[in-house]
Amino acid sequence: MKNIQGHNLTIGYEDTVIIDDVSIEFPVNKITILIGANGCGKSTMLRSFARLLKPMDGDIELNGRSISSLSNKQISRELAILPQNPVVSGSITVRELVEMGRFPYQNWRNKLDEKDKKMIEKALKDTNMLEFSDRTLDSLSGGQRQRVWIAMVLAQDTDIILLDEPTTYLDVTYQIDILDLVYKLNKEEGKTIVMVLHDLNLSCRYADHIIALKDKKVYKQGTPNDVVTKEVVKHIFDMDCEIIKDPLYKTPMFVPYSRAI
Ligand SMILES: Nc1ncnc2c1ncn2[C@@H]1O[C@H](COP(=O)(O)OP(=O)(O)OP(=O)(O)O)[C@@H](O)[C@H]1O
Ligand SMILES: [Mg+2]
């Protein structure tokens with residue numbers, strides 16, 4: 001079974017520790033959502049699980065092997081990441097970017113085979129980007145661009161998918177579409193999903209497991225019912241709220257008190 005875990009991880013930048021001695025395991029075949037205030041270290045943590053940032057201490061194991069001992073290709077066939085602010089250099093078309101998702105499978109000839117082409121078409125179709133295939137990335141709206149990046153991650157066809165705020169820039173329809181797509185990938189293909197999401201209500205609706213970060217540590221983790229409580233919200237966001245039941249899905253629903261009204 002494909003799994004990823006971090007042992008006694010300390011992560012940070014130069015002299016600054018952002019995550020301090022945290023062990024974490026993302027449940028296999030489940031959707032885990034990381035929540036926490038701006039700057040608490042969600043992206044930092046996700047990036048180190050994708051080996052984009054080396055932990056200061058501790059180890060990350062992918063299927064029982066330290067990721068520091070694996071090649072880039074080995075990692076990127078098992079795990080794909082959508083960073084919070086992805087960038088690509090130069091002018092590139094939608095299709096070209098999505099094709100990059102297939103790089104981990106290519107040999108020295110760098111030619112796309114039938115499977116590659118099928119995965120690329122599927123990714124473009126699932127994100128509703130087929131009609132934009134030949135457009136350049138810089139000619140798209142923020143939301144359309146975000147969908148292309150998601151398509152690239154899908155084309156990579158990995159068992160583990162890390163998504164850092166995948167619904168940022170998306171209008172409400174596409175937010176739900178993308179989360180539904182993630183949900184289907186999890187339910188139908190058994191993908192293990194770890195994502196950062198700021199919307200607590202959608203987090204409760206889609207997550208099997210929620211991890212709340214605060215003060216360099218995991219403050220609380222568990223089911224949405226365990227984690228999204230008045231007490232936890234107060235502690236991690238310094239925000240008073242009521243928690244009611246989502247009328248549609250019966251999951252916890254967060255209703256914040258305003259500080260002015
Ligand atoms: N490249 C970097 N060099 C130095 N410090 C950084 C770097 N990237 C992030 N930080 C700092 O690390 C801390 C955690 O940042 P991170 O991006 O992980 O937060 P986050 O929880 O993802 O926040 P947000 O919700 O705003 O995306 C912040 O204080 C940030 O300023
Ligand atoms: Mg972030």
Side-chain angles (χ1 to χ4, degrees), residues 4-26 31-60 67-68 72 75 79-89 142-143 145-150 152-153 160-170 172 174-175 178-179 182 192-207 209-222 224 227-228 232-239 241 254 256 259:
I4 186 156
Q5 0 184 292
H7 305 284
N8 301 101
L9 290 176
T10 297
I11 315 170
Y13 305 94
E14 287 163 26
D15 299 337
T16 314
V17 170
I18 305 292
I19 300 290
D20 184 15
D21 193 16
V22 166
S23 293
I24 214 160
E25 183 170 350
F26 300 119
I31 298 178
T32 297
I33 296 186
L34 294 179
I35 61 169
N38 287 141
C40 73
K42 304 176 297 294
S43 299
T44 299
M45 181 180 275
L46 221 58
R47 282 159 41 78
S48 48
F49 274 93
R51 210 178 61 180
L52 300 176
L53 179 66
K54 194 176 183 310
M56 295 166 155
D57 206 359
D59 193 24
I60 293 168
I67 58 168
S68 59
N72 285 343
I75 294 178
L79 178 152
I81 183 169
L82 172 70
Q84 186 165 3
N85 295 304
V87 279
V88 64
S89 55
R145 216 172 297 150
Q146 181 77 345
R147 279 152 52 207
V148 187
W149 285 103
I150 293 170
M152 188 187 85
V153 164
I160 301 169
I161 301 178
L162 312 180
L163 302 166
D164 198 346
E165 300 194 31
T167 56
T168 305
Y169 304 118
L170 300 184
V172 281
Y174 276 117
Q175 285 183 35
I178 290 296
L179 292 172
V182 167
T192 298
I193 313 275
V194 182
M195 63 182 157
V196 176
L197 218 58
H198 278 295
D199 186 316
L200 289 181
N201 296 336
L202 290 178
S203 296
C204 288
R205 185 180 292 185
Y206 287 92
H209 192 73
I210 296 185
I211 299 177
L213 299 180
K214 169 85 181 178
D215 296 335
K216 305 177 186 174
K217 300 276 189 193
V218 171
Y219 176 68
K220 179 115 185 163
Q221 60 178 318
V227 177
V228 180
V232 173
V233 171
K234 177 75 187 168
H235 187 80
I236 62 174
F237 295 109
D238 190 23
M239 164 73 65
C241 72
F254 150 85
R259 289 177 172 132

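Just so you know, ligand 1 is whichever comes first in the structure, and atom 1 is the first atom listed for that ligand. Throughout, residue positions are numbered sequentially from 1 according to the sequence presented.
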Task: Shortest non-hydrogen contact from N8 toward S23 - done: N-OG, 2.8 Å
Open item on the list: Please find the pair of heavy atoms, one from V88 and one from W149, that lie closest to each other, and give the distance.
Closed with: CB-CH2, 3.9 Å
TODO: Check whether any side-chain heavy atom of Y13 lies under 4.5 Å from a side-chain heavy atom of L53, and answer yes or no.
DONE: yes
Open item on the list: In the structure I gave you, are the side-chain heavy atoms of P166 and L197 within less than 4.5 Å of one another anywhere?
Closed with: yes
- [ ] Could you tell me which residues satisfy side-chain contact (heavy atoms from CB on, under 4.5 Å) with T10, sequence neighbours excluded, listed by chain and number?
- [x] V17, D20, D21, M56, D57
Task: Residues which pass side-chain contact (heavy atoms from CB on, under 4.5 Å) with K54, listed by chain and number, not counting sequence neighbours - done: none
Task: Pocket residues of ligand 1, ordered first by chain and then by residue number (heavy-atom cut-off under 4.0 Å) - done: Y13, I18, A37, N38, G39, C40, G41, K42, S43, T44, Q84, E165, H198
Open item on the list: Please check this pair: side chain of D59 against backbone of H7, looking for a donor-acceptor N/O pair closer than 3.5 Å.
Closed with: no
Task: Check: F49 ring centre within less than 6.0 Å of F26 ring centre - done: yes
- [ ] Report, as a single number, the protein N, O or S atoms less than 2.8 Å from the Mg ion (ligand 2).
- [x] 2
Open item on the list: Within the supplied structure, the quantity of interest is the number of heavy atoms (other residues, nucleotides, ligands) at a distance under 6.0 Å from Y169 OH; does it exceed 12?
Closed with: no
